Asker: 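Below you will find the structure I want to go over with you.
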Amino acid sequence: MNLSIFGLGYVGTVIAGCFAKAGHRVLGVDTEQTKVDLINSGRSPIIEAEIEDVLRDAVANGSLRASTDAKAAVMETELSLLCVGTPSQPSGELELTYVRRVCEDIGAALRKKTSRHVVVVRSTVLPGTIESIVIPALESSSGKKFDRDFGVVMNPEFMRESTAVRDFYAPPKTVIGSTNAADGALVAKLYDGLPGPMIHTGIRVAEMVKYCDNIFHALKITFGNEVGMLSKALGVDAHEVMRIFCQDTKLNLSPAYLKPGFAYGGSCLPKDLRAMTWAARSRDVEIPMLANITTSNDAQIKNAVRLITADRRKRIGVLGFAFKGGTDDLRESPVVTVVETLLGKGCELRLFDPHVNTARLVGANRRYIEQHIPHLARLMVESAAAAVQDTDIVLLGNINDTYLPALKTLTAEQRVIDLTSSGRTPETAAHYERLCG
Ligand SMILES: NC(=O)c1ccc[n+]([C@@H]2O[C@H](COP(=O)([O-])OP(=O)(O)OC[C@H]3O[C@@H](n4cnc5c(N)ncnc54)[C@H](O)[C@@H]3O)[C@@H](O)[C@H]2O)c1
């Protein structure tokens, strides 16, 4: 294909060289003449392993050249890949000046172009940016209509500096966000033969995925560092700890615990976090991320209460209130905390959980109820149907197939608020909303 690549920085230079090497005809565009001159002389404007050879060969065989002429680049190519910078402003807000300007440059060229053109955004932009900035800027500068006259696809870049060329040939995944299947397929063709999953999705999801990845990577680094600091203070070999930790691909390095849902609870996670943060505090070790997990978890409980009480309707049926489905353990169940808060706000509650039967509760679990929610038994009913009858809101605290028939009986006047992380939308006429996602 004929590709124009806007922005010859770390991303643009690498993909310009690699796409040219893969057999595409690539025209790189940058506003900085020095970068353009460097590329045209077969040299790299960035320090990056292996890129010098790739660029030298591509320029020598005529598959890559660079220019400052945006208009000519659009006219001569079918696809324009945007790789301009999206730095932070002092407030943290994204600086979108470069994105806007490059869209205006491309749009001005599109005014005269008769064939279809697809703009592929590779810069990292917040969800909604393509809809609110990129498409309007292209439409107003071109006088043309998105989708009918030109396409826009979000194709985030996952390469890492220092291994960027190798990452190009072995991406962790390729994500293509589009509203037009043909445009998405055209962009996917660029990656023919490369390993890793090819994922087609919507534009906003593609914008978000890139942030989700980077935030998770930052979180992993911070987790490793804080565990390292704690281990050192406790006289433990942190590298040995993390080496063992990483061998657990069932619960640790896996999709487990990563579905958006509700706060954690139970008899282990809250207690063990408290013990570790105490251990750090008592040794003057700062672990702000780990120490604030509880704050975030508490915020999630407050978010749930806020959502439930938003429209001041007071009759609430709760389906599932053990700390997770499939157990009768109520200790530190966040749903129980929500129930208590709602009771305090004067709500009428009816609770059902197929696994919780007060007559059968014994030991620590029974003690927990006696100390924390002695009035729980009075609120419990015998079936899901009885819990949802004559309610304004049905709160799904955990998921169980026995709730499904009761959910089917709800009417459009009722609300279902789902705190679970199942991702399943139950069949119901009620207004259905997840706390998360
Ligand atoms: N650097 C990385 O490892 C990496 C990885 C993945 C994603 N990203 C994202 O990719 C984007 C680009 O990052 P980068 O590190 O390559 O940025 P960079 O600052 O190195 O390069 C941006 C280039 O765009 C050029 N430019 C600005 N306005 C232009 C215009 N109107 N027309 C043509 N060129 C223009 C600049 O002169 C510069 O050369 C950012 O959104 C970044 O977050 C970066």
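Here the structure is a predicted model, which is why all the values come from computation and not from measurement. Each ligand, and each atom within it, is numbered from 1 in the order the structure gives.
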Asker: Under 4.0 Å, heavy-atom basis, I'd like to know which part of V125 is in contact with ligand 1: side chain, backbone, both or neither.
Answerer: neither
Asker: When the aromatic ring centroids of F19 and Y191 are compared, is their separation below 6.0 Å?
Answerer: yes
Asker: Could you check which of V102, I5, T124 puts a non-hydrogen atom nearest to atom 9 (C) of ligand 1?
Answerer: T124
Asker: When you measure from atom 2 (C) of ligand 1 to every protein heavy atom, which one gives the shortest distance, and what is it?
Answerer: E161 OE2, 3.5 Å
Asker: Starting from atom 6 (C) of ligand 1, locate the nearest protein heavy atom and write down its residue, its atom name and how far away it is, to 0.1 Å.
Answerer: E157 O, 3.3 Å
Asker: Could you check which of Y98, F6, Y10 puts a non-hydrogen atom nearest to atom 28 (N) of ligand 1?
Answerer: Y98
Asker: For ligand 1, which atoms, with element, lie under 4.0 Å from some heavy atom of E32?
Answerer: 37 (O)
Asker: Among all protein heavy atoms, pick the one closest to atom 8 (N) of ligand 1 and tell me residue, atom and distance.
Answerer: V11 CG2, 3.6 Å
Asker: Does a side chain donor of either S178 or N180 reach within less than 3.5 Å of an acceptor in the other side chain?
Answerer: no
Asker: May I ask you to identify, for C83, whether its side chain, its backbone, both or neither come under 4.0 Å of ligand 1 on a heavy-atom basis?
Answerer: backbone
Asker: Can you check side chain to side chain contact (heavy atoms under 4.5 Å, CB included) on F158 and T174, steps first, answer last?
Answerer: CA-CA 8 Å; F158 302 115; T174 302; over 6 Å; no
Asker: With side chain to side chain donor-acceptor pair (under 3.5 Å) as the criterion, how do R122 and N155 come out once you've worked through the C-alpha distance, each side chain's angles and the decisive distance to 0.1 Å?
Answerer: CA-CA 5 Å; R122 310 232 52 203; N155 172 215; 3.2 Å; yes
Asker: Return the residue, atom name and 0.1 Å-rounded distance of the protein heavy atom closest to atom 24 (O) of ligand 1.
Answerer: G7 CA, 3.3 Å
Asker: I would like to know whether S4 and E76 meet side chain to side chain donor-acceptor pair (under 3.5 Å); could you show each step before the answer?
Answerer: CA-CA 8 Å; S4 43; E76 289 173 34; over 6 Å; no
Asker: Do you know which two heavy atoms are closest between G151 and D183, and how far apart they sit?
Answerer: CA-OD2, 3.2 Å
Asker: Taking only Lys NZ, Arg NE, NH1 and NH2, and the carboxylate oxygens of Asp or Glu, determine whether D53 and R56 approach each other closer than 4.0 Å.
Answerer: yes
Asker: Quick test: of every protein heavy atom, which one is nearest to atom 17 (O) of ligand 1, and how far off is it to 0.1 Å?
Answerer: G85 CA, 4.1 Å
Asker: Which of these passes salt bridge (charged side-chain N to carboxylate O under 4.0 Å, His left out) with E139: R148, R111, K145, K144?
Answerer: K145
Asker: Who's closest to atom 36 (C) of ligand 1 heavy-atom-wise, of V99, T86, D30, N214?
Answerer: D30
Asker: Which residue supplies the protein heavy atom nearest to atom 30 (C) of ligand 1, what is that atom called, and how far is it?
Answerer: T31 CG2, 3.6 Å
Asker: Would R243 and E240 count as a salt bridge (Lys or Arg N to Asp or Glu O under 4.0 Å) if you check the C-alpha gap in whole Å, the side-chain angles of each, and the deciding distance to 0.1 Å?
Answerer: CA-CA 5 Å; R243 199 180 58 73; E240 176 72 350; 3.1 Å; yes
Asker: Give the atoms of ligand 1, by number and element, whose distance to some non-hydrogen atom of D105 is under 4.0 Å.
Answerer: 31 (N)
Asker: Looking at atom 18 (P) of ligand 1, what's its closest protein heavy atom, distance included?
Answerer: G9 CA, 3.9 Å
Asker: On a heavy-atom basis, which atom in V285 and which in A233 lie closest, and how many Å separate them?
Answerer: CG2-CB, 3.4 Å
Asker: With a cut-off of 4.0 Å, which atoms of ligand 1 are near a heavy atom of V29?
Answerer: 33 (C), 34 (N)
Asker: Tell me whether K210 reaches ligand 1 (any heavy atom closer than 4.0 angstrom to a ligand atom).
Answerer: yes
Asker: In terms of residue, atom name and distance, what is the protein heavy atom nearest to atom 11 (C) of ligand 1?
Answerer: V84 O, 3.4 Å
Asker: Of all the atoms in ligand 1, which lie at a distance below 4.0 Å from a heavy atom belonging to K35?
Answerer: 38 (C), 39 (O)
Asker: Salt bridge between E332 and R274, side-chain N to carboxylate O under 4.0 Å?
Answerer: yes
